[in-house]
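Encoded as C-alpha cells, the structure appears first; notes follow it.
As the structure is a prediction and not an experimental result, all values here were calculated from the model.
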Amino acid sequence: MGEHSHTRTTTKLTEQSLVFAVNGERFELFQVDPSTTLLEFLRSTSFKSPKLGCGEGGCGACVVLLSKYDPFLDKVEDFTVSSCLTLLCSVNGCSITTAEGIGNSNDGFHPTQERFSGFHASQCGYCTPGMCVSLYSALVNADKSDRPEPRPGFSKLTVPKAKKSIAGNLCRCTGYRPIIDACKTFATDVDMEDLGLNSFWKKGECDEVKLRRLPPYSHGNGTCVFPEFLKNKTKAGFNMESEACYWYSPVSLQQLQRLLQMDDENNETSRKIVVSNTRMGYYKELKRFNKYIDLRYIPELSIIKKDHTGIEIGAAVTISKAIEILKEANEPQFSQEGKLVFKKLADHMEKIASGFLRNSASIGGNLMMAQRKHFPSDIATILLSVDAMVDILTDQRHESIMLEEFLGRPPLDSKSVLLAIKIPCWRLGVDISSQGYTKLLFETYRAAPRPIGNALPYMNSAFMAEVSLTRNVEEFLSAKFLNTNGTSHPAYRLSLAIGFLFDFLYPLLGNPAEISSFWSDGDNKALPFSGFKGKQDSNQLDQTKFSTLLSSAKQVIQLSEEYNPVGEPIKKAGATLQASGEAVYVDDIPSPSNCLQGAFIYSTEPLAWVKDIKFKPGSSLDGVIKLISSKDIPGENIGAQTMFGSEPLYADKLTECAGQRIALVVADTQRNADMAANLAVINYDKENLDPILSVEKAFERCSFFEVPSSLYPEQVGDFSKGMAEADHQIHSAEPKFNTFLYHRPQLNSLFRDRTLHFPLAVPDEDNCMIVYSSSQCPELAHSTIAKCLGVPGHNVRVITRRVGGGFGGKAIKAMPVSTACALAAYKLQRPVRIYVNRQTDMIMAGGRHPMKITYSVGFKGNGKITALRLDILIDAGISVDISPLLPNHMFGSLRKYDWGALAFDIKVCKTNRPSRSSMRAPGEVQGSFIAEAIIENVASTLSLDVDSVRSINLHKYESLELFFKNSAGEPLEYTLPSIWNKLGTSSSFYHRIEMLKQFNRCNKWRKRGISQVPIVHEVTLKATPGKVSILCDGSIVVEVGGIELGQGLWTKVKQMTAYALGLIQCGGTDELLEKVRVIQTDTLSLIQGGTTAGSTTSESSCEAVRRCCDILVERLTAFKERLVEQMGSLKWETLILQAYNSSVNLSAISLYVPDISSLSYLNYGAAVSEVEIDVLTGQTTILQTDIIYDCGQSLNPAVDLGQTEGAFVQGIGFFMLEEYPTNSKGLVTAEGTWTYKIPTVDTIPKQFNVEILNSGHHKHRVLSSKASGEPPLTLAVPVHCAIRAAIKEAREQLHSWGGDESSSTFKLEVPAIMPVVKELCGLDSVQRFLQWTIGS
C-alpha cells in the first residue's frame, strides 16, 4: 500500500487520501485496494492483537474500538466493530484502538488486561484481546453516560451491562465463568463476594482489602483519547482510485444517481454498494468488484425524523443507532401504545447478531438482504407487524410503499436505492359501535440457539392486535411471518409459529371454560376474558424469572504448600501478554517479503476418478502462481501419519471422500488464492463406483480398519451367566428407541484460533525447510514433511511456540496443512503461508466419530445390572487417523458402572467420508453417554428412580479392580463413593427433586429435569522429554516435549522447575519462579516430543523437568557445600556464576518413561445439572450445575479449575448445540459461525458451582497430581439426562391431553438442539391442549 501522488479525475468527485489513526499513530494512504479489510491492514503492520478467527464477524477475535468525531456536536462516538468485515476505506477520519493500544508491556497494562489475567480468564489466549476490547468499549461508554457516579475504584458499568459486554465474543477454553467475573470487577453494583477465584486476594479477606489489591481503575482508565489531527478531517465523503479500482463516497442523491447511471452506460456490473460490509459475513464474496460506492455520507440515507405519525430512520443508520432511537422515543407527541411498540422493537433488535455487528450493520442493508436474498431477517419480520413503510428511489422516481409490498416484489435492480424506513406510531383505537376503548397488544418472539443474540433464529414472529370486549378477534388480529419454504426444520418452524400465536393470545383467555367457548364458537363473535391483562402487564404461560446470564458461581479448591510453589493457584504464564495481544502465535509471525499464499481445492464427490481440474471459462486468475497436486510430490504422497498408518496429502486420480484435498492453488495473496480455488471445476468419472456412506454398508462389505489386539479392550465376566441371573432382559431383537443410539459428530477445530490452518514454511539453505506450525505433535509433522519432500529428517525443522487451543484438532488434522505448505515452498523455493477459510476448515475437519450402538442388558428387579453386551459400529471415515484407539477409550469411560459381565463387538468402519478427528475425550464422551442411556432405560423399564439405579450400580472397590485391572490403584484412591455422597448433599439434590416435582405440577409450558451422574475416566501417561539449562546470570531456560495449548502446561512446568531447583536451598531460591522461562518447541533441539494429548502431557512434562532438576541439584549441591565452606551463605546468582566459571555442567536433559505402576490411573468426579425446557419452543436453559472433581494433589488448582469448567462447557456444546449437518454425499453443509453454534456466555449454567477435590497422596502419581483436561468434559452428560427427564414430564402431560405415544420410551438425539426437544415435547402440543380443554 505505497503512497501515490499522481491523481486522475474520472468523475466530478474529488480524489483524496485515506487518513486514519491506529492507537494514536497517524496513517495516510494514497492507494488502497477497496476490498482490503481493516483486519488485513492491521495484521500487515505491527498490530497483531486483532486475530483472524472466523472471518465472518461471528467470533469477536478481531474486534477493535472505532472512534468517530462529530464536529457539529463536538462529540466522539466510540463503538466496537469486527475488523474482519470492516473495509479499510470506510474508516477515513476514524481512530482505531486495538488491545495493544489499550495497554501493553512497554506502556503499562490496562486494568482490563490485568484483571483478565488475575481472574484466570485467559487460557489459550487467542480470543482474549478481542474480549478486552469489548469490555474496554463498555467501560468507555459507561463512563461517558449520565449514570450516577460510581464508588471509588469502579466504573459506571452495572453488573448486567458488564456481563453483556462480551456477549458476542466466543471462547472455546474457559467456560466463560472467569471471564464474567473479570468483567464484573468493574461494575459499581458488584458484590465482591460474588467474584470467583483470582490471584489478587485470598478467601475471607474484607471488601476493602480486595478492592485495594485489584489493579486500580479510575475514570481516566476508561477514556479513549481521540487524536487532534483527525478532528480537522472533513466529514465529506472520501474518494480514491487504486489500480483501476475505485472507492466513491457520494454526498448527495444526485451524485449517487450519476455514479449508477455512469455504470449503466458503460455496462459495468462489477459494482458494490456498501454501508458496513457486514453482508460479507453471511454472503461470501466470490467475485471481484472494481467499484465501491459508500452510501453513509448521503443525508437522506442517514435521516432520523420524529413526529406524531412515527419515526423515520434512514437506510444507512446502524442497527445500534436505530435501537437507541427507538428506546429514547419519549417525545410527548407519541402515545403510550406507540412508545411501548418502539421499546419492544428495540428490545428485539438487541438480540440480532452481536453488538460489534449491530454497531456497523445498517437497518436498510438488513432489509435489502431480505428483499434480494431472502435473508432470515428479524428486522423485516418485526417491522412487518407494525405496518412499516419504506421509501425507494428508482432513477428519478420516488415512492413510498408498505414494507410487505417491498419484500414481495422481485429483487430490486441495481438502479434502485432504499432510502428510509418509516415506523408508524400506534395509538389506541375507539370502538364506535360500543363507545368502548380498545386495547392495543404487541409482542415479538424469537427462537434461537442463543438467548441473547449472535445466532440466526429458527423462527421470529411479531403480533399486533387491537382487542375489544365487543369486537371480532380475527378482524383485528394482524400476524405476519416471513416465508419459511425451503428452510431447515419446516415442521418445527410451523409449530413455533403456532406456539408464538398461542402465547400471544393466552393472556386474553381466562379459565378453561372460556377457552372452550372461544375455540368452539365458530363465529368468534366475542373474545371471552375476565379481568383482562395483556402480556405487557402480566407474566403468562408459566414464565419463570431467571437471568439469561450467569447469576452466581462458587469455586472450592484445597491448597497444599508441601511442594511450594507447586500447588499454588498462580496465574497462567503469559496471560497478561495474551490479553494485550502481544503473545505471538504462528499467524503473528510476519510474512517474508516474497511470501505466497495457498488455498485448497477439495472433492465434492465421495468416490470418483478425477479426470481433470479446470477453471470456469472467462475466469480471471489474478496472481495465481501454480496449481500443486500429487504429481508435484518429490517423495511420498503423505499428508499425515499416526502409529496406525497414513493418509495421502492429495488424492491421486481417485478421490475417496467429499472434502478430500485434490490440489493447492498458490497465489500472491490469500484473497487471490481463495478466489481461484472457488473458480476451480473438477471433472469426475463416477461410473461403476459405489461409495460406502454408512456404517451399515461398511458392515455389509466388511470394510473395517484393524484394531491391534493390544488395544482392544478385554471383556469382563461371563455374559451368558449374567443374563441367566437376570430377572429382566432387554434384547436388541426387541429394540426400543433408546436401545438404538446414533451419535453425530462434533466439530473440533471450530472457533479456536486459526493457527492450525495458518502455517508458514520458509525454504532454508542446503535444501532445508523451516515450518512454523500450530501443532499438538510437531514431531509427527516433522517426519511427515520430510517423507513428503523426500529429504532427510535433519533437513526439516518444525517450530511451535504456543497453540491457541488444541482439543485434538491440531494433532493429526493440522499435519496436511503444514505439509502442503512445506511442499509448495519446496517446489517454488519461496515462503508459503496457508489460511484455510472457515468453509474449507469445516469440510476438512471431520468432527467426532459417529457411531451406531445396539445393546442387550440383563438386570435384577432392584435395578442391579448383571450383564451387558454392546454391538458398536464406529464411522472412522476414509483414513485410519487414531480411530483404532476409540474402542479402548470408549470402554475406559463406559466401565464406570459395575455391569456384572461386559461383552462387546466393536468394528471400526472404513467409509467414504472424511476421516474423523481425536477431539477432546475421543470415545470417552460417547462411552459415558452410552452408559447413562442404558441406566435410564433400565430405570424406565422397572419404573424405578433413575438415581437409585445409578447408585446400586456404582463400583465397589472389588468390582473396580475387576473392570480396571491395571489402573484401579489402592482402595483409598477410589474416591467416587465419597464424591457421590458429598455432591448429593452439597447440591441439595434430593431436596431439589421434590421442588422440581412441584414446579412441573404447577407449570404446563415449562418443565424441569435434574440428573446426577458419576464419571470414571482412565488416562495413560506417555514418554516425554525435558531439558533444563541454567544461564550464567541464574535465569533458567526450560524445554519440554509438551505443547502449550492453553491448558497451563508452561505454568505447571515453571512451578515444578522452581520447586525442584529450590531444593538446593540457598539465598533467593524462594524467588526462582520468576527466573524460569519455558521456550518454544523446536524438533531439532528436543527430540521424541510425541503428541500433546490425553490430558497427561502436563504432568509428564513436569516429571521430565523434575528429573532434569534432580540431576542439576545433585551437581550443584556438592559444589555449593565447598563454596559455603569458603564464602559462608550463598545467593542463587552467586552459586550459578561460580559454577559456570568452574565449568559445572548447568544443562540436563531427560526422557521420562512411566513404569507399569504409573502408566495409567483413574480419575473420578460427579456432576448434578438441572435444566428447564420451554415446551413451546424447545429451548433449554441450564439452571444450575454442581461439580466435584478429584484432581489428586493439584499442581495448580486455578489451572485445573479452569480446565474443569472449560471442558464441561465444551461438553454442553456436544450434548446441546453443535449440529454438524452433511449432505447425501457426506459434504458438510454447516455455514461457519452462522449455523454451527458453540456455547456462549448465555448458554452456560446460571448457577455454576465447582469443587476441585484434593484426595491426598498417590505414590505413583507425579507429586500426587491427576489430570484435568479431558475427564471433566464427560461431566456434561447429566445435562442431556436432565433434558430427557424434563421431556419425559412434558410427554406425560401431552399423553394426559390425549394420544397414544409413550411418555417414557423415546430417543433423544445428540445434540439435543431446540427442534429435537420440541418435537419430543409434541409439535402439536398447543392443538392437543386446546382440544383437551374443549373436551373437558
Side-chain angles (χ1 to χ4, degrees), residues 586 628 630 632-650 652 661 664 708 755-757 759-764 766-801 803 806 808-827 832 834 844 879-885 915 917-918 1022-1027 1039-1043 1045 1080-1094 1097 1100-1101 1104 1149 1151 1153:
V586 170
I628 293 179
S630 61
D632 298 290
I633 297 175
E636 298 179 33
N637 185 2
I638 181 173
Q641 62 178 327
T642 67
M643 61 185 291
F644 305 109
S646 63
E647 69 173 79
L649 178 59
Y650 298 117
D652 185 7
R661 298 171 300 277
L664 182 79
T755 53
L756 162 59
H757 304 296
L760 171 64
V762 182
D764 200 6
D766 196 21
N767 208 30
C768 292
M769 183 67 60
I770 302 174
V771 180
Y772 300 91
S773 174
S774 182
S775 173
Q776 290 178 239
C777 42
E779 181 186 29
L780 278 176
H782 177 127
S783 174
T784 302
I785 292 168
K787 289 179 180 179
C788 182
L789 301 186
V791 299
H794 60 55
N795 281 32
V796 176
R797 166 175 274 143
V798 176
I799 297 174
T800 301
R801 177 171 296 186
V803 172
K810 294 185 182 176
I812 313 306
K813 290 295 181 181
M815 285 188 215
V817 187
S818 298
T819 306
C821 199
L823 174 61
Y826 186 81
K827 294 295 292 184
V832 175
I834 298 176
M844 292 170 52
S879 298
V880 65
D881 205 278
I882 56 89
S883 297
L885 290 175
S915 62
S917 300
S918 52
K1022 300 180 292 293
T1024 307
K1027 181 180 180 182
E1039 292 180 74
V1040 289
I1043 305 298
L1045 311 173
Q1080 64 191 16
T1081 296
D1082 183 332
T1083 55
L1084 291 187
S1085 176
L1086 190 68
I1087 64 170
Q1088 296 176 279
T1091 300
T1092 301
T1097 312
S1100 297
S1101 296
I1149 189 168
L1151 178 67
V1153 182

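Note: Ser630 OG to Arg661 CZ = 12.0 Å, rounded to the nearest 0.5 Å. In this structure, the separation between CG on Leu780 and CD1 on Ile785 is 11.0 Å, given to the nearest 0.5 Å. For the atom pair SG (Cys768) and CG (Leu1084), the distance works out to 8.5 Å, reported to the nearest 0.5 Å. Distance check, rounded to the nearest 0.5 Å: OG of Ser918 to CG of Leu885 gives 8.5 Å. With rounding to the nearest 0.5 Å, the separation of CG in Leu1045 from OG1 in Thr1097 is 8.0 Å. Within the model, atoms CG of Asp766 and CG of Asn795 stand 6.5 Å from one another, a figure rounded to the nearest 0.5 Å.
Considering only residues two or more places apart in sequence or on other chains, Thr642 meets the side chain to side chain donor-acceptor pair (under 3.5 Å) condition with none of them. Legend: residues meeting side chain to side chain donor-acceptor pair (under 3.5 Å) with Thr784, ordered by chain and number and at least two apart, are Gln641. In this structure Ala1104 satisfies the side-chain contact (heavy atoms from CB on, under 4.5 Å) test together with Ser1150, Tyr1152, sequence neighbours excluded. Taking Met769 as the reference, Ala761, Pro763, Val771, Leu789, Ala822, Ala825, Tyr826 meet the side-chain contact (heavy atoms from CB on, under 4.5 Å) condition, with sequence neighbours excluded. Contacts of Lys1027 classified as side-chain contact (heavy atoms from CB on, under 4.5 Å), with partners at least two apart in sequence or in another chain: Ser1029, Glu1039, Leu1086, Ser1147, Ile1149. Qualifying side chain to side chain donor-acceptor pair (under 3.5 Å) partners for Ser915, counting only residues two or more places apart in sequence or in other chains: Lys813. Residues satisfying the salt bridge (Lys or Arg N to Asp or Glu O under 4.0 Å) test with Arg801, not counting sequence neighbours, are none. The side chain to side chain donor-acceptor pair (under 3.5 Å) test applied to Thr1083 returns His782, not counting sequence neighbours. Every residue two or more places apart in sequence or in another chain that forms a side-chain contact (heavy atoms from CB on, under 4.5 Å) with Thr800 is listed here: Ser775, Pro778, Val798, Val803, Ile1043.
Residue pairs meeting the salt bridge (charged side-chain N to carboxylate O under 4.0 Å, His left out) criterion with at least one member in residues 1082-1092, sequence neighbours excluded: Arg797-Asp1082.
In terms of modelled atom types and a separation under 3.5 Å, the side chain of Gln776 and the main chain of Thr1091 share no donor-acceptor contact. Proximity of a side-chain donor or acceptor of Ser883 to a complementary backbone N or O of Val880 within less than 3.5 Å is detected. Of the possible polar contacts, none joining the Lys1022 side chain to the Ser1100 backbone as a donor-acceptor pair under 3.5 Å is found.
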Indicate every side-chain donor-acceptor pair of residues 632-640 with a distance under 3.5 Å to a residue at least two apart or in another chain.
{"from": "Asp632", "atom 1": "OD2", "to": "Ser629", "atom 2": "N", "distance (Å)": "2.9"}
{"from": "Asn637", "atom 1": "OD1", "to": "Leu649", "atom 2": "N", "distance (Å)": "3.0"}
{"from": "Asn637", "atom 1": "OD1", "to": "Tyr650", "atom 2": "N", "distance (Å)": "3.3"}
{"from": "Asn637", "atom 1": "ND2", "to": "Tyr650", "atom 2": "O", "distance (Å)": "2.9"}

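Listed here is the closest heavy atom pair of Val1153 and Ala1023: CG2-CB, 4.1 Å. The nearest pair of heavy atoms linking Cys821 to Pro759 is SG-O, 3.5 Å. Residue Ser1101 comes nearest to Thr1024 through the heavy atom pair OG-CG2, 3.5 Å, listed as atom of the first residue, atom of the second, then distance.
For the pair Met643 and Pro884, the minimum side-chain heavy-atom distance is 4.5 Å or more.
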